[in-house]
Asker: 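Sharing a structure below in structure tokens format, with a few things to ask.
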2 protein chains.
Amino acid sequence: MLTDGPASGYDLKKHFESSFGHFFAAGYGSIYPALSALSKQGFVNCEKIPQDGKPDRKVYEITEEGRQFLLKALENPNPCHKLRSEFLATMCFAHLMPRKDVETVLDNRLEEIKRYQEMFRDIEGGGTSDWPGGMKFVLGFGEALAAAMETYINENRHLLAEKVVAKTATG
Amino acid sequence: MLTDGPASGYDLKKHFESSFGHFFAAGYGSIYPALSALSKQGFVNCEKIPQDGKPDRKVYEITEEGRQFLLKALENPNPCHKLRSEFLATMCFAHLMPRKDVETVLDNRLEEIKRYQEMFRDIEGGGTSDWPGGMKFVLGFGEALAAAMETYINENRHLLAEKVVAKTATG
DNA sequence: TGCAGCATGTAATTTGTTACATGATTAA
DNA sequence: TTAATCATGTAACAAATTACATGCTGCA
């Protein structure tokens, strides 16, 4: 992210909550240790800006070595892409759940999808014309997935409306 | 998975490589420790079946307590659903990469999607009529996402064909 | 002759999450 | 007066990956 300009850990967190959030999560517990590790390795420089009341603002800037390191990392021809979904795991067992609970889970998922869609709209509202094509591609990818999920859930939730079968020892 | 019938760790791994694989990954290093933990807690029982040459086959069966525990776990109204994609992270920086490399990454991703689609077809070829609706829903979900990704990549890869801009200190 | 499949696990390492700790400013 | 935003971090814990360790059978 620092290739786009210097930033503090706090700033980076905001990127993880908006544009990057849909495909990569990171909290302060990952970000701050990462920045100090990168600093030790010489991949970023840190400028401390004193502030009153708050801790010093630490603004990090990528170095030439950091840029070279990134370029090397980007050479991986097969970067991973993994979904981890407790939502789908839950749906596998819909037949063991009260139907009301299944509906709630689906409705909550649809709401989260809607929140993502609003986020995408907000980002685009802020103007994307000066962004690199890659960013537009990634944003569009997120939107396409969100739309596909929404459509799929709405059109197939009837599959989950089976009778509840008690599968106990007495079967 | 054991709600569907007894199985060994080795069997479970196969499920993680096929039907469950597209939304939840697990290797032996997770499965075997998990089974022995569940066994200690009384959520599964283990039957050892001696074999020649190979280690004993250990077949695990869910207990009534295990079933109750699962039911409790399924009560979460907001199960998570997270993507972690180094593929998308890479594409964010496409403008820093040689165009050939970008093309390779996209082609490799399309190939992996194709492999998933073949997997889905194989699973459905084996007959799905006796499956619970939840399983059909989850399989269909995976197919819908795969199709959406394929379409999106094919229709938008042109966004990644920008000129390579050298952004160094002299930039 | 070698590889894939069957079958189990442990140990070390790496990675990620959560809770804790501090504290001023500003808008509702 | 309450919550959100700004702003940093550490420590403990939980989870996941990878490498290691073993060894037979059957197919090409």
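Note on naming: letters A, B, ... go to the chains in the order of the sequence lines (proteins, then strands), and numbering restarts at 1 for each one.
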Asker: Testing A:K72, A:E64, A:E65 one by one against A:Q68 for a side-chain hydrogen bond (donor to acceptor under 3.5 Å, both in side chains), which residue passes?
Answerer: A:E64

Asker: If you walk 5' to 3' along DNA chain D, what is the first nucleotide with an atom under 4.0 Å of a heavy atom in chain A, and what is the last?
Answerer: D:dT5 to D:dA16

Asker: Do the side chain of A:R157 and the main chain of A:V102 share a donor and acceptor less than 3.5 angstrom apart?
Answerer: no

Asker: Starting at atom CD of A:E86, determine the distance to atom P of C:dT17, rounded to an integer number of angstrom.
Answerer: 12 Å

Asker: Is it the case that one hydrophobic cluster holds both A:W131 and A:L12, taking links as side-chain heavy atoms less than 4.5 Å apart, direct or via other members?
Answerer: yes

Asker: For the helix from C:dT1-D:dA28 to C:dA28-D:dT1, what angle lies between the axis at the first five pairs and the axis at the last five pairs, to 10 degrees?
Answerer: 50°

Asker: As a test of reading the structure: which of C:dC6, C:dT8, C:dG16 is closest to the side chain of B:R84, going by heavy atoms?
Answerer: C:dG16

Asker: How long is the line joining CG of B:D11 and P of C:dG5, in whole Å?
Answerer: 15 Å

Asker: Hey, is CG on B:D130 packed in by over 12 heavy atoms from elsewhere, all under 6.0 Å?
Answerer: yes

Asker: Nearest whole Å is fine: how far is C:dA4 P from B:K14 NZ?
Answerer: 17 Å

Asker: Looking at residues 20-39 of chain A, who's got a heavy atom less than 4.0 Å off DNA chain C?
Answerer: A:G29, A:S30

Asker: Say whether B:D11 and B:S8, considering side chains only, have a donor N or O and an acceptor N or O under 3.5 Å apart.
Answerer: yes

Asker: Restricting to side chain to side chain donor-acceptor pair (under 3.5 Å), what partner residues turn up for B:E17, sequence neighbours left out?
Answerer: B:K13

Asker: Under the ring pair (Phe, Tyr, Trp, His ring centres under 6.0 Å) test, which residues partner A:F23, sequence neighbours left out?
Answerer: A:F20

Asker: Main chain of B:L35, side chain of B:S39: is a donor-acceptor contact present, judged purely on distance under 3.5 Å?
Answerer: no

Asker: Just how far, in rounded Å, is C1' of C:dG5 from CZ of B:R57?
Answerer: 13 Å

Asker: When the distance from CG of B:L12 to C1' of C:dC6 is rounded to whole Å, what number comes out?
Answerer: 15 Å

Asker: Could you grab the distance from atom CE of B:M91 to atom NE2 of A:H81, nearest 0.5 Å is fine?
Answerer: 12.0 Å

Asker: Using a heavy-atom cut-off of under 4.0 Å over every strand shown, decide if A:D52 touches base, sugar-phosphate, or nothing.
Answerer: nothing

Asker: Please determine whether side-chain contact (heavy atoms from CB on, under 4.5 Å) holds for the pair B:E143 and A:Y152, giving the CA-CA distance in whole Å, both sets of side-chain angles, and the decisive distance to 0.1 Å.
Answerer: CA-CA 10 Å; B:E143 284 183 297; A:Y152 183 82; over 6 Å; no

Asker: Roughly, in whole Å, what's the span from NZ in A:K82 to P in C:dG16?
Answerer: 12 Å

Asker: Using side chain to side chain donor-acceptor pair (under 3.5 Å) as the criterion, list what pairs up with B:N154, not counting sequence neighbours.
Answerer: none

